[in-house]
Colleague: 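Here it is, the structure, as structure tokens.
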Amino acid sequence: MRKPVLRRTHSEREQQILDIAARLFLERGFEGMSLSDLAREAGVTRNLVYHYFPNKGAVFEAVLVHRAERLLERLPEPEGSDSAEDLLALIETLVRLGSECRAILRLSLGRPMRKQFLYAHTAWAKEQLEVRLALALGLSPDDPAQRAVSAFTGMLLHFLMDAPEELYRGREREWAEYFARILREMIERLPVTEPKPF
């Protein structure tokens with residue numbers, strides 16, 4: 001008796017192609033990976049790959065977005081029970097994920113990608129991190145400390161992307177504690193603003 005063929009949904013097939021594309025881009029670089037390679041590794045036809053993506057550049061952009069989403073999914077959601085621990089856990093996870101982000105972003109160096117695309121997705125990732133940090137700190141959406149969180153997020157992202165890996169690899173907890181102290185001090189130094197009269 002033949003085994004039933006398990007059919008993947010449109011979304012599952014696309015996710016599978018993107019996971020394989022990410023691996024091939026990392027192994028072979030942008031120039032060394034072809035859509036024929038991708039189709040063969042994914043066990044699909046080249047026409048099916050073209051059904052999802054018009055060209056290799058579109059696959060590459062989709063991989064960056066897909067990996068960013070997957071990394072954000074792995075960040076802990078603050079529970080609010082102990083904001084100091086929530087904040088530390090969140091920043092520690094970010095520092096640990098730094099090297100994974102760098103591996104994918106290195107592929108984009110020298111690529112003629114649209115500035116609008118890069119700006120939109122960098123801004124989206126930054127916004128997601130700011131929401132989680134604000135939750136960990138127990139801030140309301142209209143709290144003036146949100147500006148400090150926004151500035152801090154930009155600084156942390158620059159560190160994760162640009163600092164030499166030997167500077168923080170193996171010392172993630174130490175760096176997380178350092179950055180958590182910086183953020184708390186930034187917020188503590190904010191002047192207390194009086195509510196405006198109506």
Colleague: With rounding to the nearest 0.5 Å, note down the distance linking CZ in Arg40 to CG in Leu24.
Modeller: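 Arg40 atom CZ to Leu24 atom CG measures 9.5 Å (nearest 0.5 Å).
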Colleague: Is there a side-chain contact between Arg184 and Leu137, using heavy atoms and a 4.5 Å cut-off?
Modeller: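 The answer is yes, as the side chains (C-beta and beyond) meet within the 4.5 Å cut-off.
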Colleague: Could you walk me through whether Arg189 and Glu185 pass the salt bridge (Lys or Arg N to Asp or Glu O under 4.0 Å) check?
Modeller: CA-CA 6 Å; Arg189 289 181 182 226; Glu185 188 163 335; 2.5 Å; yes
Colleague: Out of curiosity, Ser34 OG to Arg46 CZ, how far, rounded to the nearest 0.5 Å?
Modeller: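 These two atoms lie 7.5 Å from each other.
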Colleague: Hey, can you tell me if Trp175 and Phe159 have their rings parallel, tilted or perpendicular (30° and 60° cut-offs)?
Modeller: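 The arrangement is tilted - the two ring planes meet at 30° to 60°.
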Colleague: Calculate, to the nearest 0.5 Å, the distance between atoms CD1 and CZ belonging to Ile91 and Arg132 respectively.
Modeller: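 So the CD1 of Ile91 and the CZ of Arg132 are separated by 13.5 Å.
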Colleague: Between His66 and Asp19, what is the shortest heavy-atom contact and its length?
Modeller: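 Answer, listing the atom of His66 first, then Asp19: NE2-OD1, 3.0 Å.
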Colleague: Do you know the tightest heavy-atom contact between Ala21 and Val59?
Modeller: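 Taking every non-hydrogen atom into account, CB-CG1, 3.7 Å.
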Colleague: Just wondering, do Phe25 and Leu38 contact through their side chains at under 4.5 Å, heavy atoms?
Modeller: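 They are not in side-chain contact.
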Colleague: Identify the two heavy atoms, one from Ala62 and one from Phe53, that lie closest to each other, and give their separation to 0.1 Å.
Modeller: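 Closest approach of Ala62 to Phe53, heavy atoms only: CB-CE2, 3.6 Å.
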Colleague: With no hydrogens and no angle check, is any side-chain donor or acceptor of Lys56 less than 3.5 Å from a backbone partner on Met33?
Modeller: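 Yes: the side chain of Lys56 pairs with the backbone of Met33.
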Colleague: Check whether any side-chain heavy atom of Thr45 sits under 4.5 Å from a side-chain heavy atom of His51, and report yes or no.
Modeller: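 They are not in side-chain contact.
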Colleague: Can Glu27 and Arg23 be counted as an ion pair, charged N to O under 4.0 angstrom?
Modeller: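 Judged by the 4.0 Å cut-off on N to carboxylate O distance, Glu27 and Arg23 do form a salt bridge.
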Colleague: Is any side-chain heavy atom of Leu156 closer than 4.5 Å to a side-chain heavy atom of Leu129?
Modeller: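 The answer is no, as the side chains (C-beta and beyond) never meet within the 4.5 Å cut-off.
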Colleague: When rounded to the nearest 0.5 angstrom, what is the spacing between CD in Gln16 and OH in Tyr52?
Modeller: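 Going from CD on Gln16 over to OH on Tyr52, the span is 9.0 Å.
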Colleague: Give a yes or no answer on whether the side chain of Ser150 reaches the backbone of Gln146 with a donor-acceptor pair at less than 3.5 Å.
Modeller: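 Flag not set: sc Ser150 to bb Gln146 has no pair under 3.5 Å.
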Colleague: To check you understand the geometry: which heavy-atom pair defines the closest contact between Ile20 and Ala42, and what is its length?
Modeller: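 Scanning both residues, the minimum pair turns out to be CD1-CA, 3.5 Å.
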Colleague: I'd like to know if the side chain of Glu172 and the backbone of Gly170 have a donor-acceptor N/O pair within less than 3.5 Å.
Modeller: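 Pair found, side chain donor or acceptor close to backbone of Gly170.
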Colleague: Working to the nearest 0.5 Å, report the span between CG of Leu135 and CG of Leu90.
Modeller: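 Separation between the atoms: 9.5 Å.
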Colleague: Flag the pair Glu177 and Arg173 as a salt bridge only when some basic side-chain nitrogen lies within less than 4.0 angstrom of an acidic carboxylate oxygen.
Modeller: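 Yes, Glu177 and Arg173 are salt-bridged.
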Colleague: State, with a plain yes or no, whether a side-chain heavy atom of Phe152 is found less than 4.5 Å away from one of Glu130.
Modeller: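 Heavy-atom side-chain distance check fails, nothing below 4.5 Å.
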Colleague: Salt bridge or not for Arg28 and Asp37, using N-O below 4.0 Å?
Modeller: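 The answer is yes: the pair qualifies as a salt bridge.
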Colleague: Over all heavy atoms of both residues, which pair between Ala148 and Leu183 is shortest? Give the atoms and the distance, please.
Modeller: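 Between these two residues, the closest heavy atoms are O-CD1, 4.4 Å.
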Colleague: Do side-chain atoms of Asn55 reach the backbone of Ala58 as a donor and acceptor pair under 3.5 angstrom?
Modeller: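 Checking the backbone N and O of Ala58 against the side chain of Asn55, a donor-acceptor pair under 3.5 Å is found.
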Colleague: Should Ile182 and Met155 count as side-chain neighbours, where that means a heavy-atom distance under 4.5 Å?
Modeller: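 SC-SC contact between Ile182 and Met155 confirmed.
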Colleague: Just verifying a value: how many Å separate Leu18 CG and Phe60 CZ, rounded to the nearest 0.5 Å?
Modeller: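 Going from the CG atom of Leu18 to the CZ atom of Phe60 covers 12.5 Å.
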Colleague: Test side-chain contact (heavy atoms from CB on, under 4.5 Å) on Met186 and Val149 and set out the steps.
Modeller: CA-CA 8 Å; Met186 285 173 73; Val149 171; over 6 Å; no
Colleague: Do the side chains of Thr153 and Leu133 get nearer than 4.5 Å, heavy atoms only?
Modeller: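 Of all side-chain heavy-atom pairs linking Thr153 with Leu133, at least one is under 4.5 Å.
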